[in-house]
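Structure first, commentary second.
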Number of protein chains: 2
Amino acid sequence: MKGTKAGRRGLGRVTAEEVARRLGVSQSTISRAFSPSASISDEMRTRVANAAMELGYQPNIIARSLITRRTGIVAIVIGNLVDPFYTTLLDILTDRLQAGGKQTLLFSSSRAGGLDAIMPTLLQYQVDGIVITSAAVTSDMARICAKRETPVVLLNRNVPGLDISAVCCDNVQGGRQMARHLVGLGHKRFAFVVGQPDASTSLERQQGFVSELAQAGISSCVIEQAGEYSYEAGYEAALRLAAGASRPEAVFFASDIMAIGGMDAFRSRGLSVPGDISVVGFNDVPLAAWPTYALTTVRHPWEQMAARVVDLLGVDAAAAPVRKAVTELIPGDLILRGSTGPRRDQ
Amino acid sequence: MKGTKAGRRGLGRVTAEEVARRLGVSQSTISRAFSPSASISDEMRTRVANAAMELGYQPNIIARSLITRRTGIVAIVIGNLVDPFYTTLLDILTDRLQAGGKQTLLFSSSRAGGLDAIMPTLLQYQVDGIVITSAAVTSDMARICAKRETPVVLLNRNVPGLDISAVCCDNVQGGRQMARHLVGLGHKRFAFVVGQPDASTSLERQQGFVSELAQAGISSCVIEQAGEYSYEAGYEAALRLAAGASRPEAVFFASDIMAIGGMDAFRSRGLSVPGDISVVGFNDVPLAAWPTYALTTVRHPWEQMAARVVDLLGVDAAAAPVRKAVTELIPGDLILRGSTGPRRDQ
DNA sequence: TTGAAAGCGTTACCAT
DNA sequence: ATGGTAACGCTTTCAA
């Protein structure tokens with residue numbers, strides 16, 4: 001008899017077929033009832049909706065994606081989930097995607113052996129788009145994704161030669177703003193603390209900072225290597241700066257979390273911030289606004305960046321994703337707080 | 001001709017069919033080559049592997065899942081991505097799942113209108129399991145998931161009546177440990193700061209704390225409502241405690257992030273921690289170990305909890321998931337740091 | 001060991 | 001507006 005077919009269903013999942021039988025209509029009709037643009041009578045639509053509700057039917061998105069070729073899944077590859085910078089980014093991005101009906105498939109690149117290890121599985125899931133916040137993208141990957149027509153957007157990374165879209169805070173301009181602010185306070189001796197030495201973000205902030213200092217007639221700036229973007233690395237770098245021969249009056253850390261580590265380190269050595277030394281960071285993570293730190297920093301235009309990323313992925317409309325690779329450079333805002341102050345006469 | 005069929009392939013995705021044609025074998029053979037347990041000659045397996053490599057073929061997991069009924073996707077519903085407690089949890093959990101070949105589909109419950117709004121879409125993705133870290137699970141949801149045979153594990157939440165598995169830190173025992181520690185330091189006047197008033201975590205910690213205090217002969221403990229688990233809420237609660245008539249000597253905040261807000265608040269009022277007031281939290285997030293805070297706290301057995309969750313999901317083996325709902329209560333460790341000190345004679 | 005064919009649950013096209 | 005049917009890309013019997 002006809003009933004046997006659906007009877008051997010493995011899991012307790014209701015299919016369109018069952019709803020159809022219940023209503024004595026064809027399975028196609030059930031499908032149409034869940035497609036807003038399909039031509040179906042209002043009456044039938046509500047009948048199906050009711051039956052679906054009763055039986056607990058929801059269309060299987062996975063099966064649907066096989067034919068629509070859209071899974072509604074966007075992969076986000078994130079550096080780590082310890083640095084508040086990344087978690088803030090993830091928070092805002094996930095929220096925006098969710099609002100657009102897209103889901104987030106999360107990949108942490110730090111632990112799982114880098115992007116190379118992740119990329120294949122990621123593509124196996126037929127994601128509609130990929131957001132990479134921190135990892136070395138190779139031209140091979142770019143080519144593969146382009147061939148599959150899977151849009152890739154680099155967030156907070158700029159790899160000029162690669163024909164991949166990128167959304168970035170204007171790090172150079174941010175560095176310049178910082179220099180102007182600190183020079184305006186009368187400081188003479190500066191230091192810049194490098195995060196990951198190969199990260200474009202750190203390099204660009206440094207470049208903007210140093211070049212603007214030079215333009216203000218200050219030709220020297222101590223460059224201190226922290227090795228990585230972390231509280232501990234910032235802490236250690238600050239200790240070295242504090243112990244150095246000529247202690248800087250103002251220190252620009254390449255990221256907030258390093259700057260906060262740095263402030264703690266300076267204070268642990270009895271130095272007052274900003275009394276003895278001014279400290280600034282970059283990002284404006286929530287921590288930076290805490291009264292203990294009150295960190296002067298450059299605010300990442302979070303919302304705007306997330307909005308542009310979603311745009312470039314082309315996930316909202318049914319329209320084809322943006323073909324040509326573009327690089328968006330969004331300016332950040334200088335946020336003045338209590339960690340910077342005027343030069344003290346000595 | 002035969003070629004037309006695959007020719008109208010929409011996106012630049014290579015299918016098993018194409019690899020098969022390239023090798024002059026059947027599509028089934030390609031499938032078998034990617035199934036470790038299938039019976040296929042070694043020679044054929046390597047031939048397929050090579051051809052797949054050349055063409056850039058990878059099996060489509062989505063299509064596979066239609067028949068295997070396993071997507072390899074686990075949904076994680078997380079309270080928010082601002083509290084380091086949740087991000088730490090997410091970090092460890094994602095890592096463990098990734099190690100087991102499972103991927104994380106991330107849902108933030110705070111912004112998107114709660115679990116009720118999320119649950120339907122989540123199930124549409126045919127996830128192999130669901131981890132809920134913070135949200136109100138209703139019996140309806142439990143029933144629906146049970147019917148679908150989708151394992152659900154509550155992490156850091158205990159809902160006794162619901163026949164859903166849960167993995168939890170032993171909050172009562174943690175509260176007791178805290179009480180013993182602080183009583184041992186000689187303190188007499190205590191306060192407990194409640195996080196979310198309806199959260200079982202906060203209630204249990206409070207219960208353990210207060211009952212152990214009572215056992216030590218201390219019958220009164222100020223209960224202060226913070227309203228939510230956040231830095232700001234902890235800060236405000238601490239200000240109220242500091243301004244109160246009889247200031248407590250030791251304050252137990254229901255979570256680390258609140259405790260840290262509280263420390264900042266006390267210090268902003270000129271109080272020394274632990275000189276004037278001892279502060280403790282719960283979780284042991286990375287922040288808690290920073291020298292500025294050096295927070296005495298109860299360490300969540302992160303790794304162990306994550307391991308148990310993955311276990312209960314039954315995602316590792318092909319074996320059927322655990323049927324019976326179990327509640328795992330894992331004891332936390334008391335971590336002594338600098339935020340607590342002996343009672344000062346007054 | 002391999003190939004042919006029947007699904008998996010859906011959408012989309014073509015009739016009616 | 002509705003029903004039948006062919007995909008989508010894969011796994012899995014069943015034959016050979």
Side-chain angles (χ1 to χ4, degrees), chain A residues 2 4-21 23-48 52 55-72 123-126 148 318, chain B residues 2 4-21 23-48 52 55-72 123-126 148 318:
Chain A
K2 265 193 101 181
T4 40
K5 181 181 164 189
R8 76 170 98 86
R9 185 165 42 78
L11 296 179
R13 297 180 187 177
V14 186
T15 69
E17 178 86 35
E18 296 174 56
V19 182
R21 263 209 316 280
L23 255 48
V25 297
S26 78
Q27 184 268 326
S28 323
T29 300
I30 309 304
S31 173
R32 273 190 279 262
F34 283 89
S35 163
S37 62
S39 73
I40 180 174
S41 70
D42 285 352
E43 190 216 330
M44 182 62 88
R45 206 188 282 277
T46 53
R47 276 183 63 202
V48 171
L55 272 60
Y57 170 76
Q58 288 272 104
N60 180 333
I61 294 197
I62 297 292
R64 167 188 293 170
S65 78
L66 215 52
I67 181 117
T68 61
R69 295 169 165 289
R70 312 202 110 245
T71 52
L123 289 172
Q124 281 194 291
Y125 278 94
Q126 318 296 121
R148 300 175 60 113
Chain B
K2 264 191 101 182
T4 40
K5 181 181 164 190
R8 75 170 99 87
R9 188 165 39 79
L11 297 178
R13 298 180 186 175
V14 185
T15 69
E17 177 87 36
E18 296 173 57
V19 182
R21 262 209 315 281
L23 255 47
V25 298
S26 78
Q27 183 267 323
S28 327
T29 300
I30 310 303
S31 172
R32 274 190 276 262
F34 282 88
S35 163
S37 62
S39 74
I40 181 175
S41 71
D42 284 352
E43 189 215 331
M44 183 61 90
R45 207 189 280 277
T46 53
R47 277 182 62 201
V48 171
L55 270 59
Y57 170 76
Q58 289 271 104
N60 179 334
I61 293 197
I62 296 292
R64 167 187 293 169
S65 78
L66 216 52
I67 182 124
T68 62
R69 295 171 166 288
R70 313 202 109 245
T71 52
L123 289 171
Q124 281 193 291
Y125 278 95
Q126 319 296 120
R148 302 175 59 114

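Values below: every heavy atom of this structure, side chains too, minus hydrogens, waters and symmetry copies. Just so you know, these numbers come straight off a predicted model, no measurement behind them. So you know, we letter chains A, B, ... as the sequences are listed, proteins then strands, and number each from 1.
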> What does the inter-axis angle of the helix from C/dT1-D/dA16 to C/dT16-D/dA1 come out as, five pairs per end, nearest 10 degrees?
Replying inline: 40°

Inter-residue atom distance [X].[atom1] - [Y].[atom2], 0.5 Å rounding:
| X | Y | atom1 | atom2 | value |
| --- | --- | --- | --- | --- |
| A/Gln126 | A/Arg69 | CD | CZ | 9.0 Å |
| B/Gln27 | B/Thr15 | CD | OG1 | 8.0 Å |
| B/Arg21 | B/Ile30 | CZ | CD1 | 11.0 Å |

> Who pairs with A/Tyr125 by ring-ring contact (aromatic ring centres under 6.0 Å, His included), at least two apart in sequence or on another chain?
Replying inline: none

> Would you say B/Arg69 reaches C/dG9's phosphate, i.e. side-chain N/O to OP1/OP2 under 4.0 Å?
Replying inline: yes

> Looking at residues at least two apart in the chain, or sitting in another chain, which of them share a side-chain contact (heavy atoms from CB on, under 4.5 Å) with B/Arg47?
Replying inline: B/Leu23, B/Glu43, B/Met44

>> Short of 4.0 Å, heavy atom to strand atom, which residues of residues 37-44 of chain A count as contacting DNA chain C?
In response: none

>> Heavy atoms within less than 4.0 Å of DNA chain D: which residues of residues 23-35 of chain A have one? Give them sorted by number.
In response: A/Val25, A/Ser26, A/Ser28, A/Thr29, A/Arg32

> So which nucleotide from C/dT10, D/dC10, D/dC8 ends up closest to the side chain of B/Thr15?
Replying inline: D/dC10

> Closest to the A/Ile67 side chain: C/dG7, D/dA7, C/dG9?
Replying inline: D/dA7

Could you list the donor-acceptor pairs under 3.5 angstrom formed by side chains in residues 55-65 of chain A, with sequence neighbours left out?
residue	atom	partner	partner atom	Å
A/Asn60	OD1	A/Ile62	N	2.8
A/Asn60	OD1	A/Ala63	N	3.0
A/Ser65	OG	A/Ile62	O	2.7

>> Suppose the criterion is side chain to side chain donor-acceptor pair (under 3.5 Å): which pairs have a residue in residues 28-41 of chain B, not counting sequence neighbours?
In response: B/Ser26-B/Thr29

>> Looking at B/Arg45 and B/Ala33, would you say the former's side chain and the latter's main chain have a donor-acceptor pair under 3.5 Å?
In response: yes

